[in-house]
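To keep things clear, I will list the structure first and then write my remarks on it.
Proteins get letters first, then strands, A, B, ... in listed order; numbering begins at 1 in each. Please read all numbers here as calculations on a predicted model, not as lab measurements.
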Number of protein chains: 2
Amino acid sequence: MQDQDSYLAGYNPSKYPSLAVTVDVVALTIRDAKLCVLLVERGAQPFAGQRALPGGFVKEETLDDAAKRELAEETGVKPGHGDLERVHLEQLKTYGNPDRDPRMRIVSVAYLAFAPSLPDPTAGSDAALAYWVPVDEAKDLAFDHDDVLADGLERARAKLEYTPLATAFVNEEFTIGELRQVYASVWGEDLHAGNFHRKVLSVPGFVESTGTTTSRGGERGGPKAKLYRAGDAKLLHPALLRPTREDRVR
Amino acid sequence: MQDQDSYLAGYNPSKYPSLAVTVDVVALTIRDAKLCVLLVERGAQPFAGQRALPGGFVKEETLDDAAKRELAEETGVKPGHGDLERVHLEQLKTYGNPDRDPRMRIVSVAYLAFAPSLPDPTAGSDAALAYWVPVDEAKDLAFDHDDVLADGLERARAKLEYTPLATAFVNEEFTIGELRQVYASVWGEDLHAGNFHRKVLSVPGFVESTGTTTSRGGERGGPKAKLYRAGDAKLLHPALLRPTREDRVR
DNA sequence: CTTAGTTCGTCTCAAGTTGAGTAGTACTCG
DNA sequence: CGAGTACTACTCAACTTGAGACGAACTAAG
């Protein structure tokens, strides 16, 4: 093959359709014990009126910065604001099928964001119509965003197993019970409270005690719970594995 | 860098589209029990004479197809040939820093390929200078390809743990010992033969027996080994974890 | 042919991890 | 106050892991 330079020297832009690069963000949070994704309502064609993942064109910036910018714009939270600092953002996958956008070829770099409960985006946002939607109600999205969302959810579920990412969904100080609720919401199944407790405390660097407790018990009763903050581990050893599901294996 | 500077001085970005999309491929194989990556020698500026990952511009095709095409071109193996059918190819990550290519903005979608031992690419290849290099000798690559390779290696090491991907590195029929050698080469450490044997056979769907054995014992002695082929599992349950390394955790 | 050295496949055992259950206690709500 | 709930700590049996040992099958060298 020709290498990039010889290829570029003979490259004639008119021979190829123009091409654009965008970022799309799968932003996840937990509201009312349900895993929710940030969606925007499309005002223009194509897919007018349908919901889509927030996203936009990449400017003179890194891809990571573009994703951060889009997220800040859509949620209406200013960069530098404390809430956004705690958001975990990572690249998910790139989608570039020639026909994924009917107008022109668009290569979209999808990002995955994990956030603690954020304010409703409509207040003060650039985007008039952005809101959090429970993931099981997020269907029939524009473009190939159903696929993007599915990939994002699978990534999120897998990452809870072997990284301390669940701590990105809760406040700076949290109880083991709140952390367990994150796992239950993302995985969609309840966990054995006692075993979860034992496991979390036994993984080095996952959580560290603050020495304090909640000021009152749970809403429906129960004692005050000890408070923890995220530890310094980047990987969980041993991992917290999802309950085994044979059908996931093949 | 004199050459690169003068090259850049005569380069007029306005003649070209403001942004291009390429695919780069981290193709891995095992030769002589060493993990090797496919590299090409660059003939032109920038980075002339340096080694780089094979790659090229995306045409009117999916990103996956572009990666397949590049790999076939660089290895000189025709698509449809049996060898290439067995190659596992997956998207790795996208690199799009504005300054990663000095000529213009290039967004590169990196792919990761796992192949059984392939012929030397020089025979019959389009690329005059492509060859397999042991990964620990693959340094000082062009562009940001050192980072891309490092990301690819980490992904490969992690994927061996929880997917049956190691079977993509061996022939259609293989022995447990050959499979163990794959793990040892990729992870860079020896594994306990007995425990590995037990583990592989205990994971449902990882390997299935062919009922046959090798026609002779190992080169340095030992009995004939039973032959297996890849099973139908897509995930390994339970996983084959790397020997724990505390320093990987934080 | 004999011997040394290698590998395959199997087994054993102690240590650790898991899932499921139990229980005491401290809370909230009505 | 009583009922219900949640936090935390436990127990126990089943399973998984890592390390070592072993016999048999084989190759290569003497």
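- Atom CG in Leu179(B) sits roughly 15 Å away from atom C1' in dC8(C) (whole-Å rounding).
- A heavy-atom distance below 4.5 Å is not found between the side chains of Thr213(A) and Leu227(A).
- Rounded to whole Å, the distance from NE2 on His197(A) to C1' on dA23(C) is 15 Å.
- For CG of Asp190(A), the number of neighbouring non-hydrogen atoms (other residues, nucleotides, ligands) closer than 6.0 Å is 12 at most.
- Interface residues of residues 215-226 of chain A facing DNA chain C, ordered by number: Arg216(A), Gly217(A), Gly218(A), Glu219(A), Gly221(A), Gly222(A), Pro223(A), Lys224(A); criterion, heavy-atom separation under 4.0 Å.
- Applying the 4.0 Å criterion to OP1 and OP2 of dA19(D), one finds that His192(B) has every side-chain N and O outside that range.
- His237(A) has its NE2 atom 13 Å from the P atom of dT17(C), to the nearest Å.
- For the pair Leu191(A) CG and dG19(C) P, the computed distance is 9 Å after rounding to whole Å.
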Distances for protein N/O vs nucleotides 11-17 of chain D N/O pairs under 3.5 angstrom?
unit_1: dT17(D); atom_1: OP1; unit_2: Lys199(B); atom_2: NZ; d: 3.1

Each nucleotide N or O in nucleotides 14-16 of chain C that has a protein N or O under 3.5 Å away: list the pair and distance.
none

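- Atom CD1 of Ile176(B) and atom C1' of dT6(C) are 18 Å apart (whole Å).
- With a 6.0 Å radius and a threshold of 12 heavy atoms from other residues, nucleotides or ligands, Lys34(B) has its NZ atom at or below the threshold.
- For CD of Glu172(A), the number of neighbouring non-hydrogen atoms (other residues, nucleotides, ligands) closer than 6.0 Å is 12 at most.
- Side-chain atoms of Phe169(A) and Pro116(A), non-hydrogen and from C-beta on, never get closer than 4.5 Å to each other.
- Counting heavy atoms from C-beta outward, Leu71(A) and Tyr111(A) have side chains that stay 4.5 Å or more apart.
- The distance from atom CG of Leu201(B) to atom C1' of dT10(C) is 11 Å, rounded to the nearest whole Å.
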Test side-chain contact (heavy atoms from CB on, under 4.5 Å) applied to Leu153(B) and Leu28(B), step by step | CA-CA 9 Å; Leu153(B) 290 176; Leu28(B) 301 177; 4.2 Å; yes

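- Counting heavy atoms from C-beta outward, Leu38(A) and Trp132(A) have side chains that approach closer than 4.5 Å.
- Atom pair Asp190(A):CG and dA20(C):C1' shows a separation of 15 Å (rounding to whole Å applied).
- Atom CZ of Phe196(A) and atom P of dT17(C) are 17 Å apart (whole Å).
- Salt-bridge formation is detected for the pair Glu154(A)/Arg242(A): a Lys NZ or Arg NE/NH1/NH2 atom is positioned less than 4.0 Å from an Asp or Glu carboxylate oxygen.
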Are Asp24(A) and Tyr95(A) close enough, and set up right, to give a side-chain hydrogen bond (donor to acceptor under 3.5 Å, both in side chains), and what steps lead you there?
-> CA-CA 10 Å; Asp24(A) 289 324; Tyr95(A) 300 80; over 6 Å; no

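- The aromatic rings of His88(B) and Phe114(B) sit tilted relative to each other, their planes meeting at an angle between 30° and 60°.
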